[in-house]
J.: 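Structure incoming, see below.
Worth knowing before you read on, the calculation uses all heavy atoms, side chains too, and leaves out hydrogens, waters and symmetry mates. Worth saying up front: this structure is predicted, and the values here are computed from it rather than measured.
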Amino acid sequence: MKKLFILAFFSLFLTGVAFSQQITRFGVVDTAKVYQAYFRNSAPVRNYENKKAEFQREITKRTEEIQKLKQEKAEALSSGNDSQVSRLDSDIIKKTDALTEYTNAKNMELESMKNNLQNSDSFYKKLYSTIERVAENEGFSMILSLQQNNAILWYSSSVDVTDKVISALGL
């Protein structure tokens with residue numbers, strides 16, 4: 001009986017030792033997916049999407065005008081009307097240059113709007129505090145970003161061995 005008690009105590013002790021060791025768990029977050037879900041219904045994103053659609057409609061309209069001028073030029077060429085060909089050629093060049101400028105300007109504007117949305121401080125403060133809460137509740141030691149190589153979004157101080165390394169180096 002005494003042997004059985006000692007054996008039971010020893011096995012409980014070993015189980016306790018095994019469970020007392022912390023298992024390091026890593027998690028990942030797809031911040032692009034979180035960003036998309038968070039801003040899906042926000043006014044700034046809707047504004048960005050509306051501007052993008054508006055700019056595309058204007059680009060399509062201008063492209064169609066240029067195509068129409070090119071058709072007119074082809075007809076003028078076939079009828080031998082050199083003065084009309086010259087005038088249409090000039091119009092095509094002007095409109096193509098204007099379209100290129102418009103497209104570049106609007107792409108820069110959209111890129112700026114997108115960067116402002118993605119770099120929203122309030123969003124990232126909320127994101128990082130939420131990541132920390134989820135990580136601690138789920139028992140993760142570290143959360144990495146899927147978008148950025150080696151980007152640690154959050155980590156538990158229990159996995160930080162910096163001071164031990166400094167000490168081991170005798171510093």
Side-chain angles (χ1 to χ4, degrees), residues 23-162:
I23 297 173
T24 302
R25 292 183 59 206
F26 293 91
V28 295
V29 173
D30 185 345
T31 52
K33 186 175 179 180
V34 172
Y35 166 82
Q36 185 179 31
Y38 183 82
F39 283 112
R40 184 175 296 131
N41 295 318
S42 75
V45 170
R46 282 194 311 272
N47 182 40
Y48 169 81
E49 293 298 331
N50 289 339
K51 287 264 189 205
K52 187 175 173 182
E54 175 188 328
F55 297 156
Q56 187 57 53
R57 283 190 299 274
E58 182 64 23
I59 289 169
T60 301
K61 177 184 156 194
R62 291 182 182 202
T63 302
E64 288 171 355
E65 288 175 6
I66 292 169
Q67 291 302 326
K68 184 178 176 186
L69 289 173
K70 286 180 179 181
Q71 287 175 342
E72 289 177 24
K73 179 184 169 187
E75 291 170 7
L77 270 172
S78 66
S79 67
N81 190 341
D82 292 338
S83 64
Q84 189 176 4
V85 169
S86 180
R87 182 186 60 79
L88 289 169
D89 218 11
S90 176
D91 287 349
I92 291 169
I93 290 170
K94 285 179 191 174
K95 289 191 181 272
T96 301
D97 289 346
L99 175 59
T100 301
E101 285 180 33
Y102 177 84
T103 303
N104 290 339
K106 296 307 177 181
N107 281 337
M108 286 175 43
E109 185 177 337
L110 286 173
E111 189 64 30
S112 176
M113 288 176 75
K114 184 178 176 184
N115 287 338
N116 286 339
L117 286 171
Q118 289 178 335
N119 295 323
S120 165
D121 283 343
S122 62
F123 166 70
Y124 281 105
K125 285 178 185 174
K126 187 172 184 175
L127 173 65
Y128 292 133
S129 67
T130 303
I131 287 171
E132 179 180 1
R133 187 175 61 252
V134 169
E136 288 175 345
N137 289 341
E138 298 294 323
F140 289 104
S141 301
M142 191 175 298
I143 302 293
L144 305 170
S145 172
L146 284 177
Q147 276 66 41
Q148 301 156 348
N149 291 336
N150 304 322
I152 298 171
L153 298 175
W154 177 87
Y155 70 93
S156 169
S157 60
S158 66
V159 297
D160 186 351
V161 296
T162 306

J.: Atom CD1 of I143 and atom CD of E136: how far apart are they, to the nearest 0.5 Å?
T.: 10.5 Å
J.: Indicate the atoms forming the closest heavy-atom contact of F55 with Y102, along with that distance.
T.: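 The pair with the smallest heavy-atom distance is CD2-OH, 3.5 Å.
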J.: Apply salt bridge (charged side-chain N to carboxylate O under 4.0 Å, His left out) to the pair K106 and E109, showing each step before the final yes or no.
T.: CA-CA 5 Å; K106 296 307 177 181; E109 185 177 337; 3.4 Å; yes
J.: Do K73 and D91 come close enough that some side-chain heavy atom pair is under 4.5 Å?
T.: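 No; the side chains remain at least 4.5 Å from each other.
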J.: Rounded to the nearest 0.5 Å, how far apart are CD of E72 and CD1 of I92?
T.: 8.5 Å
J.: About how many Å separate CG of L69 and CZ of R87, when rounded to the nearest 0.5 Å?
T.: 8.0 Å
J.: Can you give me the closest heavy-atom contact between Y48 and L110, atom names plus distance?
T.: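 Taking every non-hydrogen atom into account, CE1-O, 3.3 Å.
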J.: Are any of the side-chain nitrogens in R57 or E54 under 4.0 Å away from the carboxylate oxygens of its partner?
T.: no
J.: First locate atom NZ of K51, then atom CE of M113, and finally report the distance between them rounded to the nearest 0.5 Å.
T.: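 Reported to 0.5 Å precision, the distance equals 6.5 Å.
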J.: Hey, are E64 and K68 close enough for a salt bridge, meaning a charged N less than 4.0 Å from a carboxylate O?
T.: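 Answer for the salt bridge query: no.
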J.: Under the 3.5 angstrom rule, does the side chain of T100 hit a backbone N or O of T96 as a donor-acceptor pair?
T.: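 Checked: pair present.
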J.: If you look at every heavy atom in L99 and R62, which pair is closest and at what distance?
T.: CD1-CB, 3.9 Å
J.: Between D89 and V85 (side chain of the first, backbone of the second, donor and acceptor by atom type, cut-off under 3.5 Å), is there such a pair?
T.: no
J.: Any chance you could measure N81, atom CG, to E75, atom CD, to the nearest 0.5 Å?
T.: 11.5 Å
J.: Below 4.5 Å, heavy atoms only, C-beta onward: do K52 and Q56 meet side chain to side chain?
T.: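 No, their side chains stay 4.5 Å or more apart.
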J.: Would you compute the distance between atom CG of L77 and atom CD of Q84 and round it to the nearest 0.5 angstrom?
T.: 10.0 Å
J.: Step by step, would you call E111 with M108 a side-chain contact (heavy atoms from CB on, under 4.5 Å)?
T.: CA-CA 5 Å; E111 189 64 30; M108 286 175 43; 5.6 Å; no
